[in-house]
Every structure is written in structure tokens, then in C-alpha cells.
Amino acid sequence: MPHSPVSSLVLAAGYLPERASSVAAGVDGVFSFIFWLSAFFLALIVAVTVTFVWRYRVRASRPGPEVSPDRDTRLELLWTFIPLALVMVVFAASTQVYLAMTSAEPGAAPLTVQVTARRWAWRFDHAGGKGSNELHLVSGRPAELVLSSTDVIHSLYVPEFRLKQDAVPGRYNRMVFTPTRPGTYAVVCAEYCGTNHSRMDAAVVVHPDQASFDAWAREGVQPEESLVDRGRRVFDENGCSACHSVDGTPGVGPSLKGIWGKTEKLRDGTTVKVDENHVRESILQPGERLTAGYDDVMPPIPLEERDLLGVIAYLQSLKETP
Ligand code: CUA
């Protein structure tokens with residue numbers, strides 16, 4: 001990740017947790033810049049206040065207040081444009097760091113994990129089928145987390161990664177970064193979500209390499225069906241294949257083969273990217289955004305959260321199959 005120019009101003013380590021992700025240095029850079037800037041102005045303002053209080057204190061030789069000018073344009077311009085320049089620096093540096101958290105580096109195949117939050121536990125479904133109450137990642141390999149919630153708003157926070165993202169019911173949020181240091185860290189919930197909010201934690205295990213991750217992913221029998229299998233079953237049970245083929249054959253509705261990630265033309269002339277949020281809407285409110293060339297004939301299918309995730313995982317798998 002390209003480091004922001006202020007990353008070099010990072011505080012001497014000590015009171016912040018160790019940095020274990022690609023975005024951590026950038027976050028610390030912005031934080032340190034704001035921290036030292038605030039410390040500087042705090043010291044300056046206190047010093048000027050104390051000086052003036054001492055210098056203009058009541059004295060016998062000074063019976064009343066002296067006349068002072070009612071304005072000073074030069075001074076007003078200074079205290080307008082210096083803060084403006086400083087907040088613009090903060091804005092530019094934070095935007096750069098923020099963008100690095102939301103878009104994947106081109107070329108790298110990320111390890112995707114579907115994160116589901118509920119009161120009061122985390123569930124992590126890893127690409128390849130392994131589900132767990134622990135988040136497993138690979139050091140040096142980009143990770144792409146897609147977060148959702150089945151009840152209220154939660155927020156996934158890993159202090160060592162310097163990353164936090166809300167898990168919101170009814171939509172999918174994305175978080176992209178690369179873990180850089182093998183080890184085990186704590187995932188905590190950073191959005192008050194009820195009685196056991198403070199106990200809603202989990203472990204994130206960063207494997208030193210892909211082989212170690214694969215060994216973990218193979219280990220143990222999978223007692224429950226994977227998200228992809230669940231999605232295929234839900235797809236069949238709800239009769240979706242009557243209108244939507246998965247092999248490219250045209251039907252009453254668009255074929256779903258290779259549709260994931262594509263930009264689709266809509267009937268109203270706009271376009272939409274086929275991602276988690278679009279698939280969700282097309283199942284729950286199919287009439288909202290109709291694909292160009294198709295009629296508004298599909299009824300809403302009120303699937304529950306995990307079934308929706310299953311269908312999304314299934315559609316993604318249709319892209320991977322040639
Ligand atoms: Cu979940 Cu706080």
C-alpha cells in the first residue's frame with residue numbers, strides 16, 4: 001500500500017497496539033499527525049492565554065481598560081487560512097487511507113470471508129466452505145470481508161489491524177486489507193448492541209502461509225453444509241431454475257451463469273453492478289431494478305438471512321466454474 005506522506009510522523013510506538021495490517025501504518029500516521037497538531041495548538045493557546053493574563057493584569061498604574069482596535073483583517077485571514085490548510089492536509093491523508101480500506105489491490109486474488117454478526121456472536125464463512133466462530137486469514141494475502149447482520153447494527157473491530165466496519169442488517173458492507181503479521185488477535189464488537197455487547201468477541205488467526213491455512217480448512221469434518229451447498233439447495237427448493245438457468249440458456253429471467261461482478265443494463269437505462277446488495281434486492285424486491293429485456297413477473301422470495309448468503313455464495317461459484 002502506498003504510504004501517506006504523514007506515515008513517517010508515526011508516534012514512537014508504546015501505547016498503541018502492534019500494527020498487523022497493510023492499512024495500520026497509514027491510520028497511525030493520520031492519528032499521530034492530528035494528535036501532535038492538537039498538542040501543539042493546545043500548548044500554544046494555553047501559553048498565549050497565560051501570557052496575556054499576566055501581562056494585562058490589574059495594576060495600580062493602569063486604572064481602566066485601554067482602547068483596542070475592533071478588527072484586524074490580517075489576523076482574521078491568518079486564523080481562517082492556516083486551520084483550513086491544516087484540515088485539508090488531514091482530509092487528503094485520511095481519504096487516501098480510507099480508499100485503501102475499501103478497494104482491493106488489482107491483480108491479487110483475495111481470500112473472501114462472509115461475516116455474519118448477531119446478538120452476540122460472530123460467524124465467519126471462509127471461501128472454500130469452512131465456517132467457524134474464528135476468523136482465519138493468511139499473512140501477506142489480501143482479505144476481503146463482506147459483513148452483514150441478522151438483527152441489529154454491530155461493528156467488527158480488530159485494534160491491531162486498525163480497522164473497523166459496521167455489520168448492518170439488510171445490506172452488505174465490504175472491508176479490504178492485507179494482514180501482515182502472523183498471530184492471533186481479538187475481534188471485538190465496537191457498536192453497542194445490547195446486554196452482552198462487551199462480550200461479543202472472537203479470535204482472528206493470521207496464518208503464516210497458505211499451506212497452514214489450507215491445513216486448518218481441511219481439519220475436522222464439516223458437520224453442516226457449506227454456504228454454496230446451502231445456496232444450491234435453496235435455489236432448487238424455491239424453483240428458481242424454472243426461470244433462471246445456470247448454464248447460460250436464456251429463460252423467462254436472465255441466466256445466472258457468470259453474472260456475478262458484471263455490470264447489468266437495467267430497463268430504466270441505468271446500470272448496476274451484480275454484487276451482494278443487488279442480488280439481495282433482486283430476491284426480496286425483484287421489481288425494484290429490472291434487467292433490460294425482462295418483464296416484472298418475479299414474485300418476492302422472502303428468504304431468511306443465511307439462505308440469502310447461500311444463494312449469493314452459489315452465484316459466486318457459478319462465476320468460478322468455466
Ligand atoms: Cu455486537 Cu456490540
Side-chain angles (χ1 to χ4, degrees), residues 15-24 26-28 30-31 94 97-98 100-102 110-127 129-138 142-179 181 183-207 216 223-224 226-227 230-231 275-277 279-281 283-284 302-313:
Y15 69 95
L16 292 176
E18 62 176 326
R19 291 194 282 270
S21 87
S22 52
V23 296
V27 173
D28 285 2
V30 175
F31 175 81
S94 2
V97 176
Y98 177 76
M101 292 174 190
T102 49
L111 173 62
T112 57
V113 183
Q114 177 68 50
V115 181
T116 312
R118 65 174 173 83
R119 285 177 290 180
W120 286 276
W122 296 99
R123 163 91 195 176
F124 303 98
D125 288 283
H126 300 78
K130 177 107 169 189
S132 172
N133 58 359
E134 287 177 348
L135 173 59
H136 284 250
L137 302 170
V138 180
E144 185 176 1
L145 310 190
V146 179
L147 300 98
S148 65
S149 165
T150 58
D151 39 43
V152 299
I153 301 179
H154 303 269
S155 183
L156 182 134
Y157 177 39
V158 180
E160 284 81 1
F161 291 172
R162 305 290 193 277
L163 282 169
K164 184 157 64 173
Q165 180 63 269
D166 281 1
V168 181
R171 60 163 293 159
Y172 301 100
N173 280 342
R174 193 177 301 273
M175 191 174 183
V176 183
F177 61 99
T178 305
R181 188 189 273 259
T184 302
Y185 310 98
V187 174
V188 294
C189 181
E191 180 72 52
Y192 182 67
C193 54
T195 312
N196 283 343
H197 156 71
S198 61
R199 290 163 66 183
M200 186 171 164
D201 55 0
V204 47
V205 178
V206 178
H207 291 267
W216 169 79
E224 49 185 327
S226 72
L227 273 182
R230 187 185 185 112
D275 62 3
E276 292 88 354
N277 288 311
V279 171
R280 182 191 176 89
E281 184 185 65
I283 295 170
L284 299 178
L303 296 184
E304 59 140 304
E305 280 305 317
R306 205 157 167 77
D307 289 344
L308 282 169
L309 292 179
V311 171
I312 287 168

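A quick note: this is a predicted structure, and the numbers were derived from the prediction, not measured. Values below: all heavy atoms of this structure, side chains included; hydrogens, waters and symmetry mates excluded. Residue numbers run from 1 in the order of the sequence given. Ligands are counted one by one from 1 in listed order, and the atoms in each one are counted from 1 as well.
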Legend entry - side chain to side chain donor-acceptor pair (under 3.5 Å) partner of Asp125, the single match among Arg306, Arg230, Gln114: Arg306
Legend entry - Contact summary for Val206 and Tyr185, nearest pair of heavy atoms: CG2-CE1, 3.8 Å
Inset, instruction - For a side chain to side chain contact (heavy atoms under 4.5 Å, CB included) with Trp122, tell me which candidate from Val188, Leu156, Asp201 qualifies. - result: Leu156
Inset, instruction - With atom 1 (Cu) of ligand 1 as the centre, enumerate protein N/O/S atoms below 2.8 Å in chain and residue order. - result: His154 ND1, Cys189 SG, Cys193 SG, Met200 SD
Legend entry - Shortest non-hydrogen separation from Arg171 to Ser148 and the atoms involved: O-CB, 3.7 Å
Inset, instruction - Determine the interplanar angle of the Trp216 and His207 rings, folded into 0 to 90°, and report it as parallel if under 30°, tilted if 30 to 60°, perpendicular if over 60°. - result: tilted
Legend entry - Whether His126 and Phe124 hold their rings parallel, tilted or perpendicular, with breakpoints at 30° and 60°: tilted
